[in-house]
Amino acid sequence: MRNEFISEELIQKLKKEQNNLRQKVTITELDISKINIIAGVDVSYFEDKALGVVVVLNKDLELIDVVYSIDKVTFPYIPGFLAFREAPIIFKCFEKLREKNIVPDIVLFDGHGIAHPRGLGIASHIGVLLNIPTIGVAKRKLYGKCVEPKRVGQSTPLFDEEGKIIGYCYLPKKNSHPIYISPGHLSSPETSLEFVKSLIKKHKLPEPTRLAHYYTQKLKENKNI
DNA sequence: GCGACAG
DNA sequence: ATCTTGTCGC
Ligand SMILES: [Mg+2]
C-alpha cells in the first residue's frame, strides 16, 4: 500500500466523492444539554494492519464501554484523504457498538471536521455516512488561516478562503501545542469549541479522544493473543 | 517552482 | 502513524 500505487485518476475520483458528500454536511446549533452518551474514535497501526477503537463515555466522562476491531490497511495516508484510510476500520467498530445497542449522541474524532480543503475531514465524512453529530479535534492544522492563541484557555477562529469561520484553534494547557476544533456534522464551530472545552480534564486532549488513543496503543500489546 | 501537508 | 530513552516541566 504505497502512495505511488494511487493513480491521479483515483485521487480525482475521491475528490469528486468528497465534493459530493460535502453537500450533505449540516452545520447547525447542537443542544449540548441533551447529550448523554459521548464517543471518541482513533486508529493505530502495526505491521500492515489498522486497529480502530471507539470508547463510550457517559455525561460525567466515565468510561462505560470500549470496542475495537483489527483489519488490514487498504489505503495509504495522504493529507486530505485520511477518511479513506481510517473509515473502514471505524465502521467495523460502530457495527459492534450497534450490536450492543449503543448509539452515541455525539462522536469526537482524532482529525478535522469541516476544516478541510474540500470541507470534508474525517469527522464530517463519517458523520454524514453515519448520520450522527460529530466533531473533529486535531493536533495539527490541515487547512485554514488563524493566529495561534498565546494564552492558556484562549481560542482563536480558523478561517477558510472566504473568511468564514470553520473552526477554532484552542490552547488547552501550559507548555503544550494548540488543538484545532471544527464541527464534523450536525454541530457548529462555536458549540463544538465549547463542548470540547468541557471535555478537557488533566490533558490537552478531550477525554473521549485521549482515551480512544490510549486504547489504540494499549490494545496493540494483546495483538498476539 | 516553492511551501503546506489531519493521522 | 511508526521507529525509540532519557529528560524537562506541570
Ligand atoms: Mg489518530
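Here the structure is a predicted model, which is why all the values come from computation and not from measurement. Because only heavy atoms are used, hydrogens play no part in the values below, and waters and symmetry mates are left out as well, while side chains stay in. Numbered from 1 within each chain, the chains take letters A, B, ... in sequence-line order.
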Note to self: For the backbone of A:E161 and the side chain of A:K145, can you confirm whether one donor and one acceptor N or O come within less than 3.5 Å of each other?
What the structure shows: no
Next item on the list: With sequence neighbours left out, write down each residue that passes salt bridge (charged side-chain N to carboxylate O under 4.0 Å, His left out) with A:E194, or none if nothing qualifies.
Entry: A:K197
Note to self: Take a 6.0 Å sphere around NE2 of A:H203 and say whether it holds more than 12 heavy atoms from other residues, nucleotides or ligands.
What the structure shows: yes
Next item on the list: To the nearest Å, give me how far apart CG (A:L219) and P (C:dA1) are.
Entry: 15 Å
Notebook entry, point to check: Do A:I38 and A:L61 pass the side-chain contact (heavy atoms from CB on, under 4.5 Å) test, and can you show the C-alpha distance, the side-chain angles, and the key distance before you say yes or no?
Noted result: CA-CA 8 Å; A:I38 310 164; A:L61 304 188; 4.2 Å; yes
Checklist line | Summary of protein contacts for nucleotides 1-7 of chain B, nucleotide by nucleotide, where a base hit scores B, a sugar-phosphate-only hit scores S (4.0 Å, heavy atoms) | finding: ----SBB
Note to self: For A:K16, give me all partners under salt bridge (charged side-chain N to carboxylate O under 4.0 Å, His left out), at least two apart in sequence or on another chain.
What the structure shows: none
Note to self: In dot-bracket form, 5' to 3', how is DNA chain C paired? Count Watson-Crick and G-U wobble pairs only if both distances fall under 3.5 Å, and write | where the partner sits on another strand.
What the structure shows: ..........
Listing time: all N or O pairs from protein to nucleotides 7-10 of chain C that are below 3.5 Å?
unit_1 : atom_1 : unit_2 : atom_2 : d
C:dG9  : O3'    : A:N175 : ND2    : 2.9
C:dC10 : OP1    : A:N175 : ND2    : 3.2

Check: Donor-acceptor pair, A:S188 side chain versus A:E29 backbone, under 3.5 Å?
Finding: no
Pairs under 3.5 angstrom only: tabulate donor-acceptor contacts from the side chains of residues 101-109 of chain A to other protein residues two or more places apart or in another chain.
unit_1 : atom_1 : unit_2 : atom_2 : d
A:D105 : OD2    : A:N36  : N      : 2.7
A:D105 : OD2    : A:I37  : N      : 2.8

Item checked: Test log, rule side-chain contact (heavy atoms from CB on, under 4.5 Å), inputs A:H185 and A:N131 -> CA-CA 8 Å; A:H185 186 49; A:N131 187 41; 4.3 Å; yes
Check: Base, sugar-phosphate, or nothing for A:H213, non-hydrogen atoms under 4.0 angstrom?
Finding: sugar-phosphate
Give the table of side-chain donor-acceptor pairs shorter than 3.5 Å for residues 110-117 of chain A, with sequence neighbours excluded, one pair per line with atom names and distance.
unit_1 : atom_1 : unit_2 : atom_2 : d
A:D110 : OD1    : A:K139 : NZ     : 2.6
A:D110 : OD2    : A:K139 : NZ     : 3.2
A:H112 : NE2    : A:R140 : O      : 2.8
A:H112 : NE2    : A:L142 : N      : 3.4
A:H116 : ND1    : A:R118 : N      : 2.9
A:H116 : ND1    : A:L120 : N      : 3.3
A:H116 : NE2    : A:G80  : O      : 2.9

Checklist line | With sequence neighbours excluded, residues passing salt bridge (charged side-chain N to carboxylate O under 4.0 Å, His left out) with A:K49 | finding: A:E47
Contacts under 3.5 angstrom, residues 64-71 of chain A side chains, donor-acceptor by atom type, not counting sequence neighbours:
unit_1 : atom_1 : unit_2 : atom_2 : d
A:D65  : OD1    : A:K100 : NZ     : 3.1
A:D65  : OD2    : A:K100 : NZ     : 3.4
A:D71  : OD2    : A:K92  : NZ     : 2.7

Notebook entry, point to check: Which dot-bracket notation, 5' to 3', represents the base pairing of DNA chain B when pairs are defined as Watson-Crick or G-U with both distances under 3.5 Å, crossing pairs as [ ], and inter-strand pairs as |?
Noted result: .......
Only pairs under 3.5 Å count here: list side-chain donor-acceptor contacts from residues 5-15 of chain A, not counting sequence neighbours, and write none if there are none.
unit_1 : atom_1 : unit_2 : atom_2 : d
A:S7   : OG     : A:L10  : N      : 3.1
A:E8   : OE2    : A:Q12  : NE2    : 2.5

Please tabulate, one pair per line, all N/O donor-acceptor pairs under 3.5 Å involving side-chain atoms of residues 210-217 of chain A, not counting sequence neighbours.
unit_1 : atom_1 : unit_2 : atom_2 : d
A:R210 : NE     : A:E207 : OE2    : 2.9
A:R210 : NH2    : A:E207 : OE1    : 2.8
A:T216 : OG1    : A:H213 : O      : 2.6

